[in-house]
Peer 1: 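Structure provided below as C-alpha cells; questions to follow.
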Protein chains: 2
Amino acid sequence: MPSKKRVTVMRDVAKLAGVSHQTVSRVLNEHPNVKQETRTRVLEAMQSLNYRRNLAARTLVTRRSHTLGLIGFETTLFGPASMLHGIEDAARTAGYLVSIATVRNLERGEVLDAVDRLSQHAVDGIIAIAPKPAVTNGLLQAPAGLYCVAVGGAGDPDAVPTVRIDNAAGSRAATRHLLELGHRTVHHVGGPHDWPEAQERVQGWRDTLYEAGAPVPPVGFGSWNAEWGHRQGQELARDPGVTAIFCANDRIALGVLRALHEAGRRVPEEVSVVGFDDMPDSGYFLPPLTTVRQDFAEMGRRSLTLLLEHMAGGEDAGPPAHIVVSPELVVRGSTAPPPSR
Amino acid sequence: MPSKKRVTVMRDVAKLAGVSHQTVSRVLNEHPNVKQETRTRVLEAMQSLNYRRNLAARTLVTRRSHTLGLIGFETTLFGPASMLHGIEDAARTAGYLVSIATVRNLERGEVLDAVDRLSQHAVDGIIAIAPKPAVTNGLLQAPAGLYCVAVGGAGDPDAVPTVRIDNAAGSRAATRHLLELGHRTVHHVGGPHDWPEAQERVQGWRDTLYEAGAPVPPVGFGSWNAEWGHRQGQELARDPGVTAIFCANDRIALGVLRALHEAGRRVPEEVSVVGFDDMPDSGYFLPPLTTVRQDFAEMGRRSLTLLLEHMAGGEDAGPPAHIVVSPELVVRGSTAPPPSR
DNA sequence: ATTCCACTTGTTAGCGTTCACAATTTGAAG
DNA sequence: CTTCAAATTGTGAACGCTAACAAGTGGAAT
C-alpha cells in the first residue's frame, strides 16, 4: 500500500518547508507579515508537492465560497447567454466561480427555489436575470447577508441594485430615426405585454411620436419571436399607409421582414423596418437590419462589478445603486425615406 | 445582544427534536434505520428552525460537492448555450449544481486552467464542450478521480466518454435531399477547416456525391458566421452552374441567402440552399431554411447522464462509452428542384 | 429465562482550513 | 546593555458535517 494519504494538505507543505501549517496559510492568503525567505520556501514546497488548497474547508470556516450564483431565464437565447458570458468573464478575473440556476418560468416559486439552491451551496452573492418583477421580488427572500443584483429588467428600485438598459431611449432613437427619414408615423410591433422591457420600448416610441405630433397607431403585444413578428407583419403589410415599422426586437423584425416580402412590399423602398438588440447576424438579414444595439456582455460585466461593490459595502450601504446603460442605434439597409407619392 | 449564533446548525435541530446530531444527519441523508416517529420529529424541528444544511462542511468530509463543472466555449451562441441549458436542466433533477468555466479559445493552456479552477472548487465531474481535440486532451490532465465527459465534438475515443452528433449522417441527408430533387450536384460552404465537425460535414457531403456519381466541387473553409457565408455566396452566385448549396451551418446559410439575393438569383427557384443546426428562427429566413436539426439540449442532457454513469461506474469501468445522436433533416422553403433548362 | 440479532440511537474523532491568541525573534531606541 | 514595539512564527480551537464504532433497545428463537 503505497498511498495512504491521497492528496497533499497544508500540513504536508508545512512539514516540507519546515514551518507550521498556519504559516502556509498565511502565505496562501498573502498575509503581510511573512518573511520573504520563508515565503519562497513555502511556495517552493507547494510547488514541489503540487499542493492545491481545499476550498471546502476554507469555505467552512470563512463562510465565503468565492462562488457567485446566477439565476437565468431562457439562457438559450442570445441576450441572456451573452449576459451570462459577460458575468462569467468578469467573475473569473475577480476570482469567483459562477454557478447557474435556471428557472423554467418567471413565477415566484421557481425563483425562490433557485435562490434556495444557490444559497445552500453557499454562494457569496447572486445575480439574477430579471425580466419580470417576480424575480426581483423573489430575490428579497434571500437569506440576510446574501447579496443580490438584478440585471436586465424590472424591479423595485428600492429593493436591490439593478443594471438595466435604457429601453425608452433606444426606442426613441429608433423612432426618431424613422421620422427624420420623412415617415409620417411609425408602427410598432410589441413584445409580451407583461414584460416591463416591452412596455418601456412602447413608451419611448409613443412619446417620440407624440412629441413629433405624429399619429400614434395601436400596438399589438405578443411574444419575442419571429413567428409573432410574421403574424403582425402580415397584418401591417395589408395597410398601404404603413411605411415604417419599429419592432420590439430583432427576431420579431425577422418575421416582419418575411411577411412584408411575402406580401410583395419591398424593404426599405416601400417600408422601413427597425429592430432591437442587434443579434449576431442581424446585419445579414434581407435587407440588413437597422436596429438598436444592446451590449449584453457589458451589462453582465457591469452587474458583476455592482455586486462586488455591494458585497464590499456591507449591510449598511444606503439605498441600492443602479446602472443604466445606453443602447445605440445601428443604421443599416432596412431603413430609407418613405416612397414619394 | 440577541443573536449569538447566526444560523441554525444540526445541533440546534437535534436539541429541539431531543436527539443527537447524528440522528439528524441520518434523517437528512435518508438513512434507512431511523424510527418513523423520530424522523418526523426531526423533520418538524428542521422545518420550524428553517434549517439548511451546510454543504461546505458536508463536502469537506465526504469529498463530494454535488457540483458539476462545465467547460464552455462561445457559450453565447445558440448551440453551446442550448447544451448548457440541457446540462443544467438534467443536473438539477439529479441534485447537482453546475458551475461554469468558459474558455476564450481552444488552446491547451486555457483548458488546463479551466480544469484547474473547477477542480479547486471540488466539482465532482466535468462536462466539456469540446469542438476541438485540444479540449479533450486537456481533460486528460484532470486529477485522478475527477470524471470528465466531452460533448459536441472531437476527441480521442479511447480517452474520455463523449456525446456527439452524427455530422456525416446529417450532411448525407442534406445532400441526398438535394440530389433527389434533381440537382446535378451540390456545392458546399464549409466551416473552419480545423474543426472536426466541419470536416465531418464535408465528409458526408463528399461521400454522398461520390456514391451518386455526381461531380464533387471544391470546398471553401472559413468560419461559422454569416459574413463568411456571404463572401462565399457571392462567389457561388457568379457561377450559373450552381443550383444547390449546402452550408455547414445556418448562419453561413443566412449569408449565402443574402449574397444570392443581391446577385438576383432567386431561392429556391434558381438555387436551393440547405443549412445545418436549425436555429430558432431559421424557419423565418427568406425563404424559410431547409436545414439539418441538431437537438443541442438533448445532447446536453445525454452528456450529463453519461457523466453520472461514468461517476457511478468508478475507476474500473472499462473503455469509455460514447453516445452518437442523429440529426434530422427539416425541409422548408429554401429547396426545390433545379430550374428546368 | 437466556441468547442472539436486527434495529435504533449516541459518542467520538476527524475532514482541511482559518481565527485568536500566545510565544518568540528582531531591530531600533534609550 | 536594556527595553519595548513591531515583525514573525507557532499552538490550539473552532467551522458543521459524516464515518466508524459503541451501546442501548426490542423481539424472536432457543
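By convention in this document, chain letters (A, B, ...) are assigned in the order of the sequence lines, proteins followed by strands, and residues within each chain are numbered from 1. What's counted below: heavy atoms across the whole structure, side chains too, no hydrogens, waters or symmetry copies.
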Peer 1: Counting only distance, no hydrogens or angles, is the base of C:dG10 paired donor-acceptor with the side chain of B:Arg26 under 3.5 Å?
Peer 2: yes
Peer 1: Is a side-chain donor or acceptor of B:Thr162 paired with a backbone partner of B:Arg164 at a separation under 3.5 angstrom?
Peer 2: no
Peer 1: Could you tell me whether B:Thr59 contacts a base, only the sugar-phosphate backbone, or nothing, with contacts defined as non-hydrogen atoms closer than 4.0 Å?
Peer 2: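 The answer is nothing, as B:Thr59 stays clear of every strand by at least 4.0 Å.
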Peer 1: Has B:Asn29 got a side-chain N or O lying under 4.0 Å from the OP1 or OP2 atom of D:dT18?
Peer 2: yes
Peer 1: When the nearest nucleotide of DNA chain C is assigned to B:Thr23 and to B:Leu60 on a heavy-atom basis, which residue is associated with the more 5' position?
Peer 2: B:Thr23
Peer 1: Taking only N and O in the side chain of B:Ser20, is any of them less than 4.0 Å away from OP1 or OP2 of C:dT11?
Peer 2: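 No, because none of the side-chain N or O atoms of B:Ser20 sits under 4.0 Å from OP1 or OP2 of C:dT11.
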Peer 1: Taking only N and O in the side chain of A:Thr62, is any of them less than 4.0 Å away from OP1 or OP2 of C:dT18?
Peer 2: no
Peer 1: Taking 4.0 Å as the cut-off, does a side-chain nitrogen or oxygen of B:Arg63 come that near to OP1 or OP2 on C:dG16?
Peer 2: yes
Peer 1: With a 4.5 Å cut-off on side-chain heavy atoms, are B:Val42 and B:Arg26 touching?
Peer 2: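 A side-chain contact under 4.5 Å is absent here.
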Peer 1: Would you say B:Leu68 and B:Leu304 make side-chain contact, with heavy atoms under 4.5 Å?
Peer 2: yes
Peer 1: What is the distance, to the nearest angstrom, from the CG atom on B:Asn33 to the P atom on D:dC21?
Peer 2: 17 Å
Peer 1: Counting C-beta onward and ignoring hydrogens, is there a side-chain heavy-atom pair between A:Asp124 and A:Tyr147 closer than 4.5 Å?
Peer 2: no
Peer 1: Mind checking if B:Asn54 touches a base, just sugar-phosphate, or nothing, with heavy atoms under 4.0 Å?
Peer 2: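 B:Asn54: backbone/sugar contact only, no base atoms under 4.0 Å.
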Peer 1: Side-chain donor-acceptor pair under 3.5 Å between A:Thr76 and B:Ser82, yes or no?
Peer 2: yes
Peer 1: Nearest whole angstrom, please: distance from the P of C:dG14 to the NE2 of B:His21.
Peer 2: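 Distance check: B:His21 NE2 to C:dG14 P gives 14 Å.
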Peer 1: Show me the donor-acceptor pairs within less than 3.5 Å that the side chains of residues 49-56 of chain A make with the rest of the protein, sequence neighbours left out.
Peer 2:
{"residue": "A:Arg52", "atom": "NH1", "partner": "B:Asp116", "partner atom": "OD1", "Å": "2.2"}
{"residue": "A:Arg52", "atom": "NH1", "partner": "B:Asp116", "partner atom": "OD2", "Å": "3.1"}
{"residue": "A:Arg53", "atom": "NH1", "partner": "A:Asn29", "partner atom": "OD1", "Å": "3.0"}
{"residue": "A:Asn54", "atom": "OD1", "partner": "A:Ala56", "partner atom": "N", "Å": "2.8"}
{"residue": "A:Asn54", "atom": "OD1", "partner": "A:Ala57", "partner atom": "N", "Å": "3.1"}

Peer 1: Among the candidates D:dC17, D:dC15, C:dT9, find the nucleotide nearest to the side-chain atoms of A:Val61.
Peer 2: D:dC15
Peer 1: Under 4.0 Å: is that the gap between some side-chain N or O of B:Tyr51 and OP1 or OP2 of D:dC17?
Peer 2: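 Result: yes.
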Peer 1: Where the side chain of B:Ser25 meets the backbone of B:His21, is there a donor-acceptor pair that is under 3.5 Å apart?
Peer 2: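 No, because the side chain of B:Ser25 does not come within donor-acceptor range (under 3.5 Å) of the backbone of B:His21.
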Peer 1: Would you mind reading off the bend of the helix from C:dA1-D:dT30 to C:dG30-D:dC1 from its two end axes, five pairs each, to 10 degrees?
Peer 2: 50°
